[in-house]
Number of protein chains: 2
Amino acid sequence: MNVSASEEYGLRCAVRLASLNPGETLSAPQIAELEGLSVEYVSKFMLYLKKANLVRTFRGINGGFALTRPASEISLKSVFEALTGKNKDSEEFCDQFAGKANTCLRGDSCSIRPFWRILSLYIDEFTRELTLSDLLKTEAETLAKTEAIARKNIDQLKLKVRPSDECSVV
Amino acid sequence: MNVSASEEYGLRCAVRLASLNPGETLSAPQIAELEGLSVEYVSKFMLYLKKANLVRTFRGINGGFALTRPASEISLKSVFEALTGKNKDSEEFCDQFAGKANTCLRGDSCSIRPFWRILSLYIDEFTRELTLSDLLKTEAETLAKTEAIARKNIDQLKLKVRPSDECSVV
DNA sequence: CTTAAACAATACTTATTTGTATGGTTTCAA
DNA sequence: TTGAAACCATACAAATAAGTATTGTTTAAG
């Protein structure tokens with residue numbers, strides 16, 4: 001269970017943009033300076049974020065980057081998906097790790113999948129409900145919000161995880 | 001936020017051993033067959049688990065593997081640490097991703113770290129409290145246990161995450 | 001006491017991720 | 001209209017992870 005460099009650094013760059021006032025921009029060299037990264041590396045993240053339509057760009061000598069929407073409307077989930085190119089919903093663990101057989105060899109008695117599913121549902125809710133603007137608040141505020149998400153998770157998990165959601169492959 | 005192949009496949013192999021009755025063993029070829037993996041790959045995971053003292057081995061023509069302790073006493077966390085060689089507690093995100101500067105350029109106003117910290121504390125609790133024997137139970141039972149862990153998490157998180165835990169580097 | 005089948009350890013190959021380099025286009029200002 | 005500074009796009013190199021191969025040691029059975 002690891003956070004990739006793209007997720008971590010890309011998120012940091014996105015948060016820098018989130019801290020701007022309306023109309024302001026930051027250039028790649030500026031972000032690179034702020035985050036201690038190379039200009040090229042920052043540019044790469046900006047390209048990903050732009051292609052996901054989370055960031056818009058201004059070219060030319062006074063160019064730079066800004067968010068396309070208010071930070072409060074950009075979920076961390078959408079940022080991570082943009083940075084990794086992966087939509088986590090689309091691939092279940094069963095498909096991702098199929099071994100040689102290309103299909104999960106475990107049948108209905110698959111007892112590992114529920115664990116990953118529950119865990120990933122938790123993570124998914126956190127990243128879906130937290131936005132870039134949340135990462136500009138105090139730690140206490142972040143904690144309060146995650147707590148609320150966790151409580152909601154508990155209530156909804158019973159509905160989301162059902163026996164019928166077992167591995168479909170034999 | 002990704003699960004590595006080693007974690008997923010290695011866990012599956014460990015769960016196979018957890019399903020054995022006392023005195024029984026499984027050989028690498030047997031596990032490989034059950035999981036659809038190569039014998040060499042399974043052997044690699046077994047070596048890691050052995051070095052972490054989670055698995056003991058029996059050599060020779062009728063050899064095989066078995067857990068050193070009851071499955072209920074082996075946490076998923078210890079399995080993952082054995083498989084990845086990483087003790088997650090030891091390295092904070094700040095240290096893992098330091099950029100060029102080798103130290104986090106964000107000061108006390110670091111607003112990203114709390115997010116990762118809270119999320120990783122959740123995951124950590126799940127994997128610390130769930131054991132290999134839990135992965136042999138029904139989905140409903142797993143769900144009940146994760147729910148209990150989540151509730152406990154919420155109560156304890158306020159104590160664990162405090163403002164004083166900010167980035168220490170300037 | 002020889003051989004088959006299993007574990008042990010490490011080296012090796014391939015794939016993916018990480019991070020950099022390069023050549024190009026756009027824009028503004030002198 | 002020319003040049004500096006920024007974005008754009010892709011290619012490239014280095015590091016890590018994934019998975020395989022190889023050589024050796026152990027053990028029990030014949």
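In the text below, chain A, chain B and the rest are named by the order of the sequence lines, each starting its count at 1. Hydrogens, waters and symmetry mates are skipped; everything else that's a heavy atom, side chains included, is used. Because the structure is a prediction, the values reported are computed rather than measured.
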What do the steps show when you test A/Glu147 against A/Arg151 for salt bridge (Lys or Arg N to Asp or Glu O under 4.0 Å), and what is the final call?
CA-CA 6 Å; A/Glu147 185 180 320; A/Arg151 288 196 195 284; 3.3 Å; yes
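- The shortest heavy-atom contact between B/Ala66 and B/Thr25 is CB-CG2, 4.3 Å.
- For CZ of A/Phe126, the number of neighbouring non-hydrogen atoms (other residues, nucleotides, ligands) closer than 6.0 Å is greater than 12.
- Side chain of A/Tyr41, nearest nucleotide from C/dA29, D/dT22, C/dG19: C/dG19.
- Rounding to whole angstrom units, CZ of residue A/Arg59 and C1' of D/dA4 are separated by 15 Å.
- Going from atom OH of B/Tyr9 over to atom P of D/dA18 covers 10 Å, rounded to whole Å.
- Going from atom CG of A/Leu83 over to atom C1' of C/dG19 covers 15 Å, rounded to whole Å.
- Note that CD1 of B/Ile123 is 3.5 Å distant from CE of B/Met1, once rounded to the nearest 0.5 Å.
- Distance from the side chain of B/Lys50 is smallest to C/dA8 among C/dA8, C/dT20, D/dT27.
- A/Lys77 places no side-chain N or O within 3.5 Å of a backbone atom of A/Thr131 that could act as its donor or acceptor partner.
- Distance A/Lys51 NZ to D/dA9 C1': 7 Å, rounded to the nearest Å.
- Look at CD1 on A/Ile61: it is 18 Å from P on C/dT25, rounded to the nearest Å.
- B/Lys44 comes within 4.0 angstrom of a base, heavy atoms only.
- Protein atom CG of B/Asn62 is 19 Å distant from nucleotide atom P of C/dT3, rounded to whole Å.
- For B/Ala28, the side-chain atoms get nearest to C/dC7 when compared with the rest of C/dG19, C/dC7, C/dT20.
- In this structure, OH of A/Tyr48 is placed 12 Å from P of C/dG19, rounded to the nearest angstrom.
- Nucleic acid contact for A/Gly60: base, since at least one base atom lies under 4.0 Å from a heavy atom of the residue.
- Out of D/dT20, D/dA6, C/dC28, the shortest distance to the side chain of A/Pro29 is found at D/dA6.
- The nearest whole Å value for the distance from the CG atom in A/Leu26 to the C1' atom in D/dA5 is 16 Å.
- Regarding contacts with the backbone of D/dC8, a side-chain N or O of A/Thr57 is found under 4.0 angstrom from either OP1 or OP2.
- Among the nucleotides C/dT18, C/dA8, C/dT27, the one closest to the side chain of B/Leu47 is C/dA8.
- The residue A/Ser43 sits apart from the nucleic acid: no heavy atom pair falls under 4.0 Å.
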